4 protein chains.
Amino acid sequence: MSPKSAIQNQEIRAESKRKILDAAFKLIAKDGYESTSIAKIAKEAEVSKGLLYNYFNSKEDMVKVMLEEALDEGDVLISGLLSDDPKETIRNVFQWFFREIRERLDYWRLITQLTFNIEKFKFVQELAANKMGEYIRLMQSLLNQLGYENPLNEARIIAALFDGIGVEVLVLKEQYPLDEMEAYLIEKYCK
Amino acid sequence: MSPKSAIQNQEIRAESKRKILDAAFKLIAKDGYESTSIAKIAKEAEVSKGLLYNYFNSKEDMVKVMLEEALDEGDVLISGLLSDDPKETIRNVFQWFFREIRERLDYWRLITQLTFNIEKFKFVQELAANKMGEYIRLMQSLLNQLGYENPLNEARIIAALFDGIGVEVLVLKEQYPLDEMEAYLIEKYCK
Amino acid sequence: MSPKSAIQNQEIRAESKRKILDAAFKLIAKDGYESTSIAKIAKEAEVSKGLLYNYFNSKEDMVKVMLEEALDEGDVLISGLLSDDPKETIRNVFQWFFREIRERLDYWRLITQLTFNIEKFKFVQELAANKMGEYIRLMQSLLNQLGYENPLNEARIIAALFDGIGVEVLVLKEQYPLDEMEAYLIEKYCK
Amino acid sequence: MSPKSAIQNQEIRAESKRKILDAAFKLIAKDGYESTSIAKIAKEAEVSKGLLYNYFNSKEDMVKVMLEEALDEGDVLISGLLSDDPKETIRNVFQWFFREIRERLDYWRLITQLTFNIEKFKFVQELAANKMGEYIRLMQSLLNQLGYENPLNEARIIAALFDGIGVEVLVLKEQYPLDEMEAYLIEKYCK
DNA sequence: TATGAATGAGACTTCATTCAT
DNA sequence: TATGAATGAAGTCTCATTCAT
C-alpha cells in the first residue's frame, strides 16, 4: 500500500548497519583484516554481500567506520578517573586498565592488529599515540606529586607495562595472572 | 655437461633455499603476510615462482620454515648472559633486549604480526610463551638473590615491560626514547 | 483520504512515466546504455527505483519504449517538407536535416549508440533503414524532376552525406563547419 | 629437465597474446566494449580468465593495445595512393576506401563503436580526426588541380560520404550497393 | 635443478530486480 | 501508487599452485 515510513526505514537501516559492523568487528578482531572477507562478514551478519555496499562504499570504508565507533566507545574520559588524592587517581587508572583488559579484550586485539599491520589504518596509530601521550602526562604529574625522582620515565614504564600486559594477555589468555598483577601494581604504586 | 655432484647439488639447494627464505622474511616483515605474494618473494629472491614449490609445499609451509629459523636464530642462549653477579646478569639481559629492539626490529614486527593475525601461525605464540616463562624464571631467581619481596611478580613486570616497549617502538619508531629508557631501567634495577 | 479518481490516477501514471523516460533519454544519450544504471535514472527522475518496475518490465523494456517514442517524435512527416517546386523541397529537406543535427544531436547520438552496440536494440536499425529508403525515394523523384542523369545514386549520395555529416559532428562537435556546409550543399543542389 | 628456452617462451607468449587480442577484437567489434566481458573474451580465446592479466594490466589496457594495433594496421600511407595524375590519385583513394569497407568492415565497426561511446577511448577520436584532416587536405589539393570552385568543401563532402557509406553498410550490410556506388563515384569525380 | 605460462578459486564490487510495507 | 532495503548473479581482478619443458 503505502511505502514504509521514514522512521521504519531508519530503524531497519540502523539495525542492518549494526549487524554488519558487529560482524566485522568480531571477525576482524579474531582473524585480522586481510583474512576477513566481505563474504564472511555478510554471512556472519546474516545479510547479503550486496547489502554491505548499501551502507559502506568499500571494505576499507566499513572498517574505518567500525574503528571510529570502537575508538569513540573506548575513549574513557581521563576526567572521570581524577581524584584529589594522587594515589587514589593512580588506583583508578590501574583499575580502569585491568577492567578494560578483562572486559574488552576483543577491542584491544582489534586495535593492536590494525595498528601494526595495515597501512590503510595508520590513523589509529596516531590516535593511539596521542592518547598514550595524554596518559603519560597525567601519570607524570601524579608521580611527581608523590615525590618520584624521575616521574616522566616512571610514567613511561607504566605505559609500557599496560601495553605489555595487553600483549601477554592476548598470548596467554586465561593463564595470565591478571588479578594478582592488578593487586601487586596497585600495592606497588599506591601503598 | 657433466652431472653435478651430490655435494654441488646440495650447495645449490641450500643457496636457493636461503635466498627464498631471506626474501620472504624481508618482505613479510615489511608488508605483512597477506600482502606479500609468492610472485614478489620469487622476484626479490631472483628465482622463479616454480622453484619455491621445489623447496616448500605451500606458502604457509615456507613461512613456517622461515619463522622457525627466525625463532631459532633469535634464541639467545640464556647461558651467554649469566654472570656470577646477579646485577651484572640483569644488566646483560637489559642490554641484550635493547640491542635486539634496535637491531632486529623487523624480526620483532614479523613475529608480532604473524602471531596476532594469522590463525595458521599461532604455534609461534606457544613458543613465545615458553620462552617468556624461561626468562621470567631467570629474572625471578636473580631478583630473589637481590632480596626483592615478590620476585615473581617483579619478573613478570619486567617481561611485560619488554613486550610493551617493543610495541611502543613499533608504533612510535624513532620517537621512542630507547637510550633513555635503557639507562633508566639499568639504573633502576642494577644500581 | 479519499481514493483518487481513475482520471487522477491516469494523470499521475502518465507524469511518472514521462519523468522516467525523459531521465532515461537524457542519461543514456550522455553516458550510454551500460553506464546508465536504473538507480541513476530513478534519481534523475526523482522517483524510486521500485517505481520503474511499476511501469516497465525491465531496463531493456524501458529503453525500448523510450526509443520508440524518440523515433516517433523524430519522425518528421515528409509531407511537411513537400512543395510544388522540387528545388524548394530539396532545400526544405536540407534545412530540416541541419536543424536536426544542431538541435537534437543527443537524439542522434542515442540512436547511433544503441543501434551499433547493443544487440538488444538492433530493431532500430531496421526502422532506420526503412526511413532512409523513404527519403531516398523522395530525393530520387526530386532529382529526377531536376534532370539528374542518375537520380537514384545521387539520392544515395545525399543520404550517405547526411549520415556522414552526423558522424563527423559527433566526433568534431563545434569544430565542424555546419553553417558553411549547409549553405554549400543548398547552393550546390538548389541553385 | 631444463626450463623452456627463451625463444620458446617468446613464441608461446606471442601466440597467447594474439589469441586474446583477436578474441577481444572479434567480440568487441560485434557486441561493444561494455557488453563484452573478460570471461567471454577468455572463452573465445580458449584461455583462462587469469591469463589475460598475465599479458595486460586491465581490460581497458587490453583494449587499448588491441586498438593501437588495429589503428597501426589500418593506417594506409597516403603516399602509396599518390600519382602524377590527380584523377588517378582520386581513383586510388576511392578504390582504397571501398576495398577497406569490403574487407575490413569489422575494423570499421570497432572504431566507430569505441569512438562514439567510450570516454576511455577518446584518443581514437583524435587520431581519427587527424587522419581525416589529412585526407581532406589531400583531396582539397587534388580537386583544386581539377579546377573545382570550392575544393575544400567538396573534399569535406567526400569525407562525409566515406563516413556515411561506412555507417550505411554497417546497417544495411549486403544490401548496400557497394559496387554500384564505387563505380558511380569514380565516374563522377574522375571522368 | 629450474622456469614461467597457465589455471581456477575466490576477492571486492556493481547493479537489475524483488518485495514487504 | 510508491518506496527503498535487500538480494544474488555477474563483473573485474589477484594469486597460490601446477606442469610441460
Side-chain angles (χ1 to χ4, degrees), chain A residues 1-6 8-13 15-17 34-42 47-60 62, chain B residues 3-4 8-10 12-13 16 34-42 47-60 62, chain C residues 3-4 8-9 12-13 16 34-42 47-60 62, chain D residues 1-6 8-13 15-17 34 36-42 47-60 62:
Chain A
M1 208 71 67
S2 53
K4 297 190 193 71
S5 75
Q8 272 178 308
N9 272 329
Q10 210 175 315
E11 281 167 1
I12 290 172
R13 287 186 68 82
E15 195 194 325
S16 291
K17 211 169 168 179
E34 312 269 12
S35 302
T36 304
S37 69
I38 288 285
K40 282 186 199 162
I41 293 172
V47 300
S48 67
K49 272 182 298 173
L51 192 61
L52 270 79
Y53 292 87
N54 208 321
Y55 296 102
F56 309 101
N57 296 323
S58 64
K59 186 183 176 187
E60 183 178 342
M62 180 190 68
Chain B
K4 299 190 189 67
Q8 276 178 311
N9 269 335
Q10 214 175 320
I12 290 171
R13 283 188 71 83
S16 291
E34 310 275 3
S35 301
T36 302
S37 67
I38 288 285
K40 280 187 203 161
I41 293 173
V47 301
S48 68
K49 271 184 294 176
L51 192 61
L52 268 80
Y53 290 86
N54 215 320
Y55 296 108
F56 309 101
N57 296 322
S58 65
K59 185 183 179 186
E60 182 179 342
M62 181 191 68
Chain C
K4 297 190 189 69
Q8 276 179 312
N9 269 335
I12 290 172
R13 284 187 70 84
S16 292
E34 311 276 2
S35 301
T36 303
S37 68
I38 287 285
K40 281 187 203 161
I41 293 172
V47 303
S48 68
K49 270 183 296 176
L51 193 60
L52 269 80
Y53 290 86
N54 215 319
Y55 297 107
F56 309 100
N57 296 323
S58 65
K59 185 183 177 186
E60 183 179 341
M62 181 192 68
Chain D
M1 207 72 66
S2 52
K4 296 192 194 71
S5 74
Q8 273 179 310
N9 272 327
Q10 210 176 316
E11 281 167 1
I12 290 171
R13 286 186 71 82
E15 193 194 326
S16 291
K17 212 169 168 178
E34 313 270 11
T36 303
S37 69
I38 287 286
K40 282 185 200 162
I41 293 172
V47 300
S48 67
K49 272 183 295 175
L51 191 63
L52 271 77
Y53 292 88
N54 208 320
Y55 296 101
F56 309 102
N57 296 322
S58 64
K59 186 184 177 185
E60 182 178 343
M62 181 189 67

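Every value quoted in this text rests on a predicted model; they were computed, and no experiment measured them. Residue numbering restarts at 1 for every chain, and letters A, B, ... go by the order of the sequence lines.
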Report yes if at least one side-chain N or O of [X] is closer than 4.0 Å to OP1 or OP2 of [N]; otherwise report no.
X     : N      : answer
C/S16 : F/dA2  : yes
A/R13 : F/dG4  : no
D/Y53 : F/dT14 : no
A/N54 : F/dA6  : no
C/Y55 : F/dT1  : no

Item to check | Closest-nucleotide ordering on DNA chain F, the 5'-leading residue of A/N9 and B/T36 | outcome: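 Counting from the 5' end, the first nearest nucleotide belongs to A/N9.
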
Gap between atoms [atom1] and [atom2], on [X] and [N] respectively (whole Å):
X     : N      : atom1 : atom2 : answer
B/L52 : E/dG4  : CG    : P     : 13 Å
A/Q8  : E/dC19 : CD    : C1'   : 14 Å
A/E11 : F/dG4  : CD    : P     : 16 Å
B/F56 : F/dT18 : CZ    : C1'   : 18 Å
A/E60 : E/dC12 : CD    : C1'   : 12 Å
B/I41 : F/dA16 : CD1   : P     : 8 Å
B/E34 : E/dG10 : CD    : C1'   : 13 Å

Next on the checklist: Under the criterion side chain to side chain contact (heavy atoms under 4.5 Å, CB included), I'd like the reasoning laid out for A/M62 against A/Y55: C-alpha separation, chi angles, the key distance, then a yes or no.
Outcome noted: CA-CA 8 Å; A/M62 180 190 68; A/Y55 296 102; over 6 Å; no

Checklist entry - Does NZ belonging to A/K40 count more than 12 external heavy atoms closer than 6.0 Å? => result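 Check passes, neighbour count above 12.
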
Nearest 0.5 Å, what's the [atom1]-[atom2] distance between [X] and [Y]?
X     : Y     : atom1 : atom2 : value
D/K17 : D/Q10 : NZ    : CD    : 11.0 Å
A/I38 : A/K59 : CD1   : NZ    : 6.0 Å
C/S48 : C/L51 : OG    : CG    : 5.0 Å

Checklist entry - Between A/K40 and C/N57, which has a closest nucleotide on DNA chain E that is more 5'? => result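 The residue mapped nearer the 5' terminus is A/K40.
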
Checklist entry - Quick one: on DNA chain E, does B/S48 or D/L51 contact a more 5' nucleotide (nearest heavy atom)? => result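 The residue closer to the strand's 5' end, by nearest nucleotide, is B/S48.
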
State which of [options] makes the closest approach to the side chain of [X].
X     : options               : answer
B/V47 : F/dA5, E/dT3, F/dT7   : E/dT3
C/I38 : F/dT17, F/dA6, E/dA16 : E/dA16
B/K49 : E/dA6, F/dG4, E/dC12  : E/dA6
C/S37 : E/dA16, F/dT1, F/dG11 : E/dA16
A/K59 : E/dG4, E/dC12, F/dC13 : E/dC12

Next on the checklist: Applying salt bridge (charged side-chain N to carboxylate O under 4.0 Å, His left out), can you list everything that pairs with D/E60, at least two apart in sequence or on another chain?
Outcome noted: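 If we apply the salt bridge (charged side-chain N to carboxylate O under 4.0 Å, His left out) test to D/E60, skipping adjacent residues, the hits are D/K64.
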
Item to check | Audit row: C/N54, C/R13, side chain to side chain contact (heavy atoms under 4.5 Å, CB included) steps and yes/no | outcome: CA-CA 10 Å; C/N54 215 319; C/R13 284 187 70 84; 4.2 Å; yes

Checklist entry - Looking for any heavy atom pair under 4.0 Å, which part of the strands does A/S58 touch: base, sugar-phosphate only, or nothing? => result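 Sugar-phosphate contact only - A/S58 comes under 4.0 Å of backbone atoms but never of a base.
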
Item to check | Bracket string, DNA chain E, 5' to 3' - pairs by Watson-Crick or G-U geometry under 3.5 Å, | interstrand | outcome: .||||||||||||||||||||

Checklist entry - So which heavy atom on B/E34 is nearest to which on A/S35, and how close? => result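 Result for this residue pair: OE2-OG, 2.6 Å.
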
